[in-house]
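The chains referred to below are lettered A, B, ... by the order of the sequence lines, with proteins before strands, and numbering in each begins at 1.
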Amino acid sequence: MLAVRQRAVKQSSCQQRGWLQPGVIMSKLLTNRDLAAIFTLIANLLEIKGEVVFKTLAYRKAAENLEQMGQEARALWSAGQLRELPGIGKALADKIDELLRTGRLRFLDELKQAVPVTLVELLQVPDVGPKKVRLFWQTAQVTTLAELEAAARGGRLAGLAGMGPKSEAKILAGLEALKRRPSKLLLGDALPLADELLAMLRALPGVAAAAAGGSVRRMRALVGDVDLLVAAEDAAPVLAAFTSYGGVAHVLAQGGTKASVEFHTGLRAQLWVHPPARFGTALQYATGSKDHNVRLREIARTKKLSLSEHALTRANGKELLCASEEEVYAALGLAFIAPELREDQGEVQAAQNGSLPLLLERAQLRADLHAHTNWSDGKDSVLELAQAAQARGIKILAITDHSRSLAIANGLSVERLRAQAAEVAAAQHKLGSSIKLLHGTELEINADGTLDYPDEVLAGLDIVVASLHMGLKQPRAEVTARLLGAINNPHVDMIGHPTGRRLPDREPADLDMEAVLSAAAATGTALEINANPARLDLDGSHVRRALALGAYVAINTDAHKAHDLDLMPYGVGTARRGWCEAAQVVNTWTEKELLKWLSH
DNA sequence: GCCGTTTTCGGCCCGACTGTTTTCAGTCG
C-alpha cells in the first residue's frame with residue numbers, strides 16, 4: 001500500500017551507498033539489499049525514460065524478492081542457481097552475475113548517461129510520478145528538487161501540458177511536506193496511532209467494525225503510513241470525523257469512500273469506509289501487500305471472477321459479497337492466510353496446497369528471557385521488574401544485565417554479578433512459585449572477539465545471552481568470526497539482537513548470516529527476535545531462513561523498565577512474518593523443557 | 001523484464017481520487 005514511500009526509502013539507501021555517483025559501485029561485497037537498491041534505481045530510471053511498464057515492474061519485483069529473501073543471492077550465484085529465484089530470468093541473472101563479478105553494471109552506466117540520475121529524487125514528491133518527472137525534465141529542464149521548487153515558484157509549471165495552477169500549488173505543498181515528513185516510521189509509533197484512531201472511529205454511531213490494514217497490520221518493522229478501514233452503511237459522517245480529528249494538519253484527499261490526511265507530525269493516515277456486507281473484501285484489499293493482492297486477483301480470474309475491494313464479481317456482473325476475509329480466501333479455494341504472511345513470498349501457493357504454517361500465537365509465550373534492571377541501565381529493581389512480569393502472566397523471567405565492558409550501561413563486574421545473584425534469589429523467595437526467575441547476563445562480545453566473563457563465571461549463570469554492541473562496523477569476516485565464536489562457546493545459550501541494526505537508520509553489521517544461522521542450528525544456540533520496535537532483530541526473512549536451517553529462536557523484550565514488557569507483540573508479529581511455529585520458539589517451552597535446554 | 005493445465009508469444013489486477021479535462025491521464029494504493 002506504500003509504493004511511493006518504499007521507493008523513496010530505497011532511493012535514500014541508494015544515495016547513502018553511493019550508487020548515484022558515477023563509476024565503480026563496489027566498495028564491499030554486494031548484499032541483497034545492495035542489489036535490491038540497484039534494481040530499484042534501474043526501475044525508477046526506466047520508468048522516467050518511458051520504458052514499458054512491465055519491464056520496470058520486473059525490476060521492482062526482483063528487488064522486492066531480493067530484499068525479502070533470508071539467504072544471500074551471492075550463495076545462490078556461486079552455486080549457479082540464480083535462475084531458480086522467482087522473478088529472476090536470464091536478463092536479470094546476467095545482471096546480478098556482472099554485479100557480483102565486477103562490482104559494476106554497464107547497463108546501469110549507460111542508463112545514467114541517458115537519464116539524469118538526480119531525477120529519481122523528484123519521485124519522492126507526493127503526486128509526482130514518472131510521467132510528470134519526464135514532463136518537467138524534457139519541457140522545463142528540471143532535473144533536481146531545487147530546480148523543481150524554483151520552477152514552481154516561478155510559475156513555470158502551470159503552463160505545461162496537463163498542468164494547471166492547482167497542480168503547481170500541489171507540487172509546492174508536496175515539496176514542503178517532503179521537508180518536514182519523517183521518511184520512515186517505526187511500527188512502534190504507527191501501531192499506537194492506529195489504535196488511537198480506531199478507538200475514536202469505533203465510538204462513532206453507525207460504525208459496525210474498524211480495523212487497521214496495510215503494513216501496520218502485516219507488522220512490517222518500518223511503515224510509510226497508517227491505513228484504516230471502517231464498516232459502516234453511511235460513509236460521510238465517518239470520513240468527516242476522521243478528517244476533523246485533532247492533530248490533522250491537512251486533508252490530502254476526500255471522496256465518497258476514502259479520505260487521507262496528514263498530521264502535524266508529518267505522519268499520514270488514510271481511511272476507507274465500506275458497508276459491513278463488503279468488509280471482508282475491503283479489509284483484504286486494504287491489508288495488501290500489493291503483490292499479494294495481485295496474486296489473489298490472478299487466481300480469481302482463473303475462476304472467472306474479478307476481485308476488487310467491493311466484491312468478487314462474476315462475468316455476468318453478479319456480485320458475491322464477503323463480510324469477512326475468511327470468505328474471500330475460501331471463495332478462491334485458499335486456506336486463510338494470516339496478514340503477516342501476505343508478502344507474495346510463497347504464501348499463496350502454500351495456501352493452495354495446504355502447507356501453510358500453524359503460526360505462533362502470542363498466548364503460547366511463557367517466558368521473557370532478556371531484561372535489564374537498575375543494576376545496569378534498567379530503571380526498575382529486580383523485584384519490581386519481576387512483579388511487573390508476574391502481573392502480565394509471564395511464567396519465566398530472565399534477569400540479564402550488561403556485562404563489565406559495557407561501561408556506558410553500567411555493566412556488572414564479576415563481584416557485582418555475584419551480589420546480584422543473591423538479590424535475584426531473594427526476589428524469587430518473595431514471589432514464590434508463580435514465576436520462575438533466571439539469573440543471567442547479556443554478555444558483551446568484545447571487539448577483539450573475546451567474551452566479557454571467563455567461562456567459570458558463565459558456568460555459574462542460569463542463562464547467557466551474548467550480544468554485539470561494539471565494533472558493528474568491522475569487515476564481514478571479522479564481525480562474523482566474533483559472532484561464531486560466541487555461538488560456539490558451550491556456555492552461550494542465545495544470541496541477542498543478532499545483526500545489531502537500529503531502526504530506522506543504523507545499518508546491521510555486515511554479517512555472513514548463512515554462516516551465523518547454520519552455526520546456531522548446529523549448536524542449539526537460540527537466536528533472538530528482539531521485540532523492541534527499534535530493533536525487531538532478527539527480521540522476518542532471517543527468522544524464516546533460521547527456522548528452515550533448524551535453529552531455535554527466542555522472542556524477548558529486552559525490557560529496560562516494566563512498561564517495556566508490553567512490547568512482546570512486536571516480536572510475535574516479526575516471528576509470524578518469518579512463518580514461525582511454536583515448537584522452535586524456546587519461550588513457549590515449559591520450565592522443565594527450558595531448563596533442560598539451558599543446562600545442555 | 002518474466003512466465004506457461006488458456007500461451008515459447010502474448011499476456012502480465014482493480015478501482016478511487018484529483019485536476020485537467022469535455023472523456024481522460026496520472027498518481028496512488
To the nearest 0.5 Å, atom CD of A:Q124 lies from atom CG of A:N44 at 9.5 Å
N-O pairing of A:R33 and A:E64 below 4.0 Å:
no
B:dC14 and B:dC9, which share atom name C1', separated by this distance in whole Å
25 Å
Could you tell me the separation between the CZ atom of A:R83 and the C1' atom of B:dG4, rounded to a whole number of Å?
14 Å
For the P atoms, the ones on B:dT5 and on B:dG1, what distance do you get once it is rounded to whole angstrom?
24 Å
For B:dG1, does OP1 or OP2 lie under 4.0 Å from any side-chain N or O of A:K95?
yes
Under 30°, 30 to 60°, or over 60°: which ring-plane class applies to A:F263 and A:Y245, parallel, tilted or perpendicular?
perpendicular
Roughly how many Å apart are B:dC13 and B:dG29, using the C1' atom of each and rounding to a whole number?
12 Å
CZ of A:F136 versus C1' of B:dG26: gap in Å, rounded?
11 Å
So do the side chains of A:L123 and A:P130 get within less than 4.5 Å of each other, counting heavy atoms only?
yes
Ignoring backbone atoms, establish whether A:K132 has a side-chain N or O less than 4.0 Å from OP1 or OP2 of B:dG26.
no
Could you tell me the separation between the NE2 atom of A:H274 and the C1' atom of B:dG29, rounded to a whole number of Å?
12 Å
When the P atoms of B:dT6 and B:dC2 are compared, how many Å lie between them, rounded to an integer?
23 Å
Output yes when A:E176 and A:K179 qualify as a salt bridge under the 4.0 Å nitrogen-oxygen rule, no when they do not.
yes
One pair to check against side-chain contact (heavy atoms from CB on, under 4.5 Å): A:R314 and A:L305. What are the steps and the verdict?
CA-CA 5 Å; A:R314 297 188 202 282; A:L305 292 167; 3.8 Å; yes
Residue pair A:E319 / A:S308, side-chain heavy-atom distance below 4.5 Å
no
B:dG26 and B:dT21: how far apart are their P atoms, nearest whole angstrom?
13 Å
Pairs touching residues 339-356 of chain A that satisfy salt bridge (Lys or Arg N to Asp or Glu O under 4.0 Å), sequence neighbours left out
A:K61-A:D344, A:R218-A:E343, A:R220-A:E343, A:R295-A:D344, A:E325-A:R342, A:E340-A:R576, A:E343-A:R577
What is the distance, rounded to the nearest whole Å, between atom CD of A:E343 and atom P of B:dG29?
15 Å
d(CD1, A:I299; P, B:dG4) in whole Å:
14 Å
Please give the distance between the P atoms of B:dT27 and B:dT20 as a whole number of Å.
14 Å
Rounded distance (Å) that lies between atom C1' of B:dC2 and atom CG of A:D94
14 Å
So which nucleotide does B:dT8 pair with, by the Watson-Crick or G-U wobble rule with both distances under 3.5 Å?
none
Each nucleotide in nucleotides 9-22 of chain B should get exactly one letter: B, S or -. Can you fill that in based on protein heavy atoms under 4.0 Å?
---BBBSSSSSS--
Using a cut-off of 4.0 Å on non-hydrogen atoms, how would the nucleic acid contact of A:F107 be classed: base, sugar-phosphate, or nothing?
sugar-phosphate
I'd like the C1' distance from B:dG10 over to B:dC17, given in whole Å.
32 Å
Round to a whole Å and report the spacing from CZ of A:R217 to C1' of B:dG29.
16 Å
Taking only the C1' atom of each, what is the distance from B:dC12 to B:dA16 in whole angstrom?
22 Å
Rounded to whole Å, CG of A:L82 lies from C1' of B:dC2 at a distance of 15 Å
